[in-house]
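I have placed the structure first, in the form of structure tokens, so that the comments after it can refer back to it.
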Amino acid sequence: MSETIEKVGTMELKYPDDFRSPFSLEVMSDPLPLPPQSVLIPNHALRSLIHNYTPIAGGKCNKPQISPSTDPRFLLLSLSYPASNAALSSLLRLAKDELDFRRLLSDSAAPSILLRHVASQDSPDLQDLALRILIYISLDGDDARVGLVSDGAIDSLAQALAAGGPNASLAATTLTSLAVVEVNKCTIGAHPFAIPALSVLLHNGKARDRREAATALYELCKFPENRRRAGALPALVYFAGDGSERAVQVLSLIAKCREGRDAMANVDGFVRVLAGVLVKGTGRGIEHALLVLNFVCSDIEKVRWEAKEEGVLEICLVLVEKDDGKIGTNALALARTIEKEEFVGLI
């Protein structure tokens with residue numbers, strides 16, 4: 001960091017050049033407060049550094065009042081791409097332990113640097129650290145989540161997902177956190193590669209990759225328009241067959257739209273897999289599987305006949321006898337749909 005000498009009376013004061021405006025060459029202050037909805041982001045880290053910096057006379061520059069080793073603002077100011085493992089490790093520790101630092105972090109230039117590491121496959125270790133820091137930033141609230149999307153997070157995360165490397169599950173987790181905000185659900189769903197990349201990860205990934213991809217799709221499909229965009233149906237059905245309760249929950253959301261029901265009817269083994277969930281699944285998995293089958297059987301006769309052939313009616317009758325709660329109610333509704341007649345005596 002170079003320094004510039006400024007004369008005050010007969011004294012010479014030294015300030016680092018980084019503290020000066022590139023236009024006026026004066027030491028920067030805060031003369032123009034930003035409006036509430038401004039797209040500009042104040043550089044809190046630099047402002048704080050200038051505020052805490054005290055130059056002295058005599059041609060020598062006084063050291064900052066706070067040591068760089070103890071003040072995280074120095075770390076933010078010096079951060080550049082590519083960042084070092086030590087710098088990102090320090091950021092992760094601070095983001096994990098200090099809520100105030102997360103806010104400072106989200107208002108700095110750090111997110112754009114982190115997102116460049118997320119999109120790069122050159123250093124998986126740095127990518128891992130960057131993703132973990134971004135997750136903590138996203139936990140700071142809806143404004144932080146919207147801000148990350150505005151910074152281009154979806155592009156970077158989609159690239160990390162598509163690459164399918166060791167950090168793909170972390171990228172899916174980050175996308176899930178961003179999708180908590182309704183406006184982000186819409187933005188992520190409209191992205192040309194985000195949901196397709198999740199679909200590929202769900203199909204080709206390892207166990208953890210598939211779990212995180214299914215969770216991201218579940219959050220995204222809470223927004224109705226995204227149910228029409230989900231091209232992951234075969235992978236979701238197969239994952240449900242492997243015992244994933246979350247996959248069945250995603251199917252129950254997609255089944256609420258006509259396009260989703262039509263697509264399910266064309267997935268090989270769809271009814272057979274969900275019949276297996278009714279027999280061996282968890283309580284919540286059974287509940288959602290009944291809903292999915294009822295949605296699709298109500299709409300498509302071919303699926304209704306497949307359900308009969310797979311013994312779904314008999315399974316429903318057993319569930320009605322065993323359960324007097326939601327599962328029994330949903331099982332009775334599906335039995336009525338399959339047979340198209342009332343089973344009033346069963347309740």
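The salt bridge (Lys or Arg N to Asp or Glu O under 4.0 Å) contacts involving residues 112-134 comprise Asp128-Arg132, where partners must be two or more places apart or lie in separate chains. Each side chain to side chain donor-acceptor pair (under 3.5 Å) pair with one or both residues in residues 267-292, not counting sequence neighbours, appears once here: Glu245-Thr282, Ser252-His288. Listed by first and then second residue, the salt bridge (Lys or Arg N to Asp or Glu O under 4.0 Å) pairs that reach into residues 193-210 are Arg210-Asp242, sequence neighbours excluded. Pairs engaging residues 323-332 under the side chain to side chain donor-acceptor pair (under 3.5 Å) rule: none recorded [sequence neighbours left out]. The salt bridge (Lys or Arg N to Asp or Glu O under 4.0 Å) pairs that include a residue from residues 162-182 are Glu182-Lys185, where partners are two or more places apart or lie in different chains.
Under the 4.5 Å side-chain criterion, counting only non-hydrogen atoms from C-beta, Leu94 is not in contact with Leu105.
A search for salt bridge (charged side-chain N to carboxylate O under 4.0 Å, His left out) contacts involving Lys222 returns Glu219, not counting sequence neighbours. By the salt bridge (charged side-chain N to carboxylate O under 4.0 Å, His left out) test, Asp140 is found to be paired with Arg103, residues two or more places apart in sequence or in another chain being considered. Take Arg304 and apply the salt bridge (charged side-chain N to carboxylate O under 4.0 Å, His left out) test, not counting sequence neighbours, and it matches no residue. Under the side chain to side chain donor-acceptor pair (under 3.5 Å) criterion, Asn85 pairs with Ser89, sequence neighbours left out. With sequence neighbours excluded, the residues satisfying salt bridge (charged side-chain N to carboxylate O under 4.0 Å, His left out) with Arg145 are Asp142.
Paired with Leu251 under the rule side chain to side chain contact (heavy atoms under 4.5 Å, CB included), one option of Leu217, Leu236, Leu291 passes, and it is Leu236. For the pairing with Met264, the side chain to side chain contact (heavy atoms under 4.5 Å, CB included) check across Ile254, Ile300, Val237 returns one residue only, Ile254.
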For residues 155-165, dump all side-chain donor-acceptor pairs below 3.5 Å to protein atoms at least two apart in sequence or in another chain.
unit_1: Asp155; atom_1: OD1; unit_2: His191; atom_2: NE2; d: 2.6
unit_1: Ser156; atom_1: OG; unit_2: Leu115; atom_2: O; d: 3.1

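Counting only N and O atoms by type, the side chains of Ser112 and Asp151 include no donor and acceptor under 3.5 Å apart.
Applying the 6.0 Å contact sphere to CZ of Phe223 captures more than 12 heavy atoms from other residues, nucleotides or ligands.
Using a 4.0 Å cut-off between a side-chain N of Lys or Arg and a carboxylate O of Asp or Glu, Arg258 and Asp262 qualify as a salt bridge.
Alongside Val181, the hydrophobic cluster contains Val146, Val183 (criterion: ILVMFWY side chains under 4.5 Å).
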### Query
Given Phe101 and Leu91, is the side-chain contact (heavy atoms from CB on, under 4.5 Å) satisfied, shown in steps?
CA-CA 9 Å; Phe101 179 74; Leu91 286 181; 3.5 Å; yes
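The cationic group of Lys308 lies under 6.0 Å from the six-membered ring centre of Trp305 and within 45° of the ring axis, placing it in a cation-pi geometry.
In terms of heavy-atom proximity, Cys221 sits nearest to Val250 at SG-CG1, 4.4 Å.
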